[in-house]
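Right, one structure below, let's go through it.
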Amino acid sequence: MILILIFLSTSTSITPNYKVLRGRMVEEQIIARGVRDSSVVEAMLTVERHLFVPKKYQPLAYGDYPLPIPDNQTISQPYIVALMTELLEVKKTDKILEIGTGSGYQAAILSLLADSVFTIEIIPGLATSSEKRLDSLGYDNVVVKCGDGYKGWREHAPFDGIIVTCAPEKIPSPLLYQLAVGGKMVIPVGELYQELILVTKNSVGITKKNIIPVRFVPMIREH
Ligand code: SAH
């Protein structure tokens, strides 16, 4: 009996209050660094990031850093997720393409802001597990596909926004082509040194703006 009580009291005292941690993450890492879009802030407060990382990392899920997910990949730092999402300026009617599903966390954030999210992951195990996770959490306007995101997703193009969460050496031309006129793409580009780039497409062409240096896993190609 005593043992059970000790177990219960220690186990409840070490289970973090994730809602409180999430609120603190948003205040200290996201709003404090200048993310102002209220719908992005709301989405970051809503999505339960700890459910997107392996169990042993759950208590660290709201920290100011990326975390490992299976297959040697990473879930991006919360601030980078918020910044990239804000840069996309997503509207409720938008159809968004994501390259690099990973855990599905970025897709879940986008799903709260957009009409639909199409996301491509090249590692089969990750595509399957994130699809299951998004499904069980009720993010039902997200469609996951396993494949090489370099090529985009022609059947569903054009996209109002494209977000790439792995770094190619150059902006893939199929993605530029599949971006709608008036749409935006946020993409890390480079090898060891990478820069986050905001691409805007209008009726006369493409404009590119460098945002900040970043470090993403490389975009791998299907052979
Ligand atoms: N957005 C993710 C984090 C992505 S990590 C999240 O919120 O958790 C980058 C992911 O891109 C990895 O899962 C990696 O397997 C994937 N990736 C790398 N090259 C790719 C490609 N060519 N097409 C699709 N996905 C790719």
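Because only heavy atoms are used, hydrogens play no part in the values below, and waters and symmetry mates are left out as well, while side chains stay in. Since we're looking at a predicted model, the values are computed, not measured. Order of listing sets the numbers, starting from 1, for every ligand and every atom in it.
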Should the heavy atoms of other residues, nucleotides or ligands under 6.0 Å from [atom1] of [X] be counted, would the total exceed 12?
| X | atom1 | result |
| --- | --- | --- |
| Tyr177 | OH | no |
| Asn17 | CG | yes |
| Lys56 | NZ | no |

Just list the side-chain donor-acceptor pairs under 3.5 Å for residues 206-222, sequence neighbours left out, or say none.
from   : atom 1 : to     : atom 2 : distance (Å)
Arg221 : NE     : Asp148 : OD2    : 2.7
Arg221 : NH2    : Asp148 : OD2    : 3.1
Glu222 : OE1    : Lys151 : NZ     : 2.9

Does ligand 1 come near enough to [X] that some N or O of the ligand is less than 3.5 Å from an N or O of the residue?
| X | value |
| --- | --- |
| Ile122 | yes |
| Thr165 | yes |
| Glu98 | yes |
| Ile220 | yes |
| Leu126 | no |

### Query
Is Ile96 reachable from Leu176 through a run of hydrophobic residues whose side-chain heavy atoms are each under 4.5 Å from the next?
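Shared cluster, no.
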### Query
Would Leu134 end up clustered with Val53 when hydrophobic side chains under 4.5 Å apart are linked, directly or stepwise?
yes
### Query
Hey, is the main chain of Asp115 close enough, under 3.5 Å, to the side chain of Asn141 for a donor-acceptor pair?
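A pair under 3.5 Å: yes.
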Can you list the ligand 1 atoms lying under 4.0 Å from a non-hydrogen atom of [X]?
| X | value |
| --- | --- |
| Ile123 | 15 (O) |
| Ile75 | 8 (O) |
| Cys166 | 11 (O), 17 (N), 18 (C), 19 (N), 20 (C), 26 (C) |
| Tyr105 | 7 (O) |
| Gly147 | 23 (N), 24 (C) |

### Message
Side chains of Arg22 and Tyr62 only: does a donor on one sit below 3.5 Å from an acceptor on the other?
### Response
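Note: Arg22 and Tyr62 side chains meet the donor-acceptor criterion.
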### Task
Identify which of Ser103, Ser76, Gly100, Ser130 has a heavy atom lying nearest to atom 8 (O) of ligand 1.
Ser103
## Note on the structure
Note: heavy atom closest to atom 5 (S) of ligand 1, options Ile120, Asp148, Thr74, belongs to Thr74
#### Entry: Side chain proximity check, Pro172 to Ile187, heavy atoms < 4.5 angstrom
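Pro172 vs Ile187: side chains touch.
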### Message
Using every non-hydrogen atom in the two residues, find where Gly104 and Ser130 come nearest and quote the distance to one decimal.
### Response
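Answer, listing the atom of Gly104 first, then Ser130: N-CB, 4.0 Å.
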Got the closest protein heavy atom to [atom], with its distance?
| atom | value |
| --- | --- |
| atom 12 (C) of ligand 1 | Gln73 OE1, 3.3 Å |
| atom 13 (O) of ligand 1 | Glu121 OE1, 2.7 Å |
| atom 23 (N) of ligand 1 | Gly149 N, 2.8 Å |

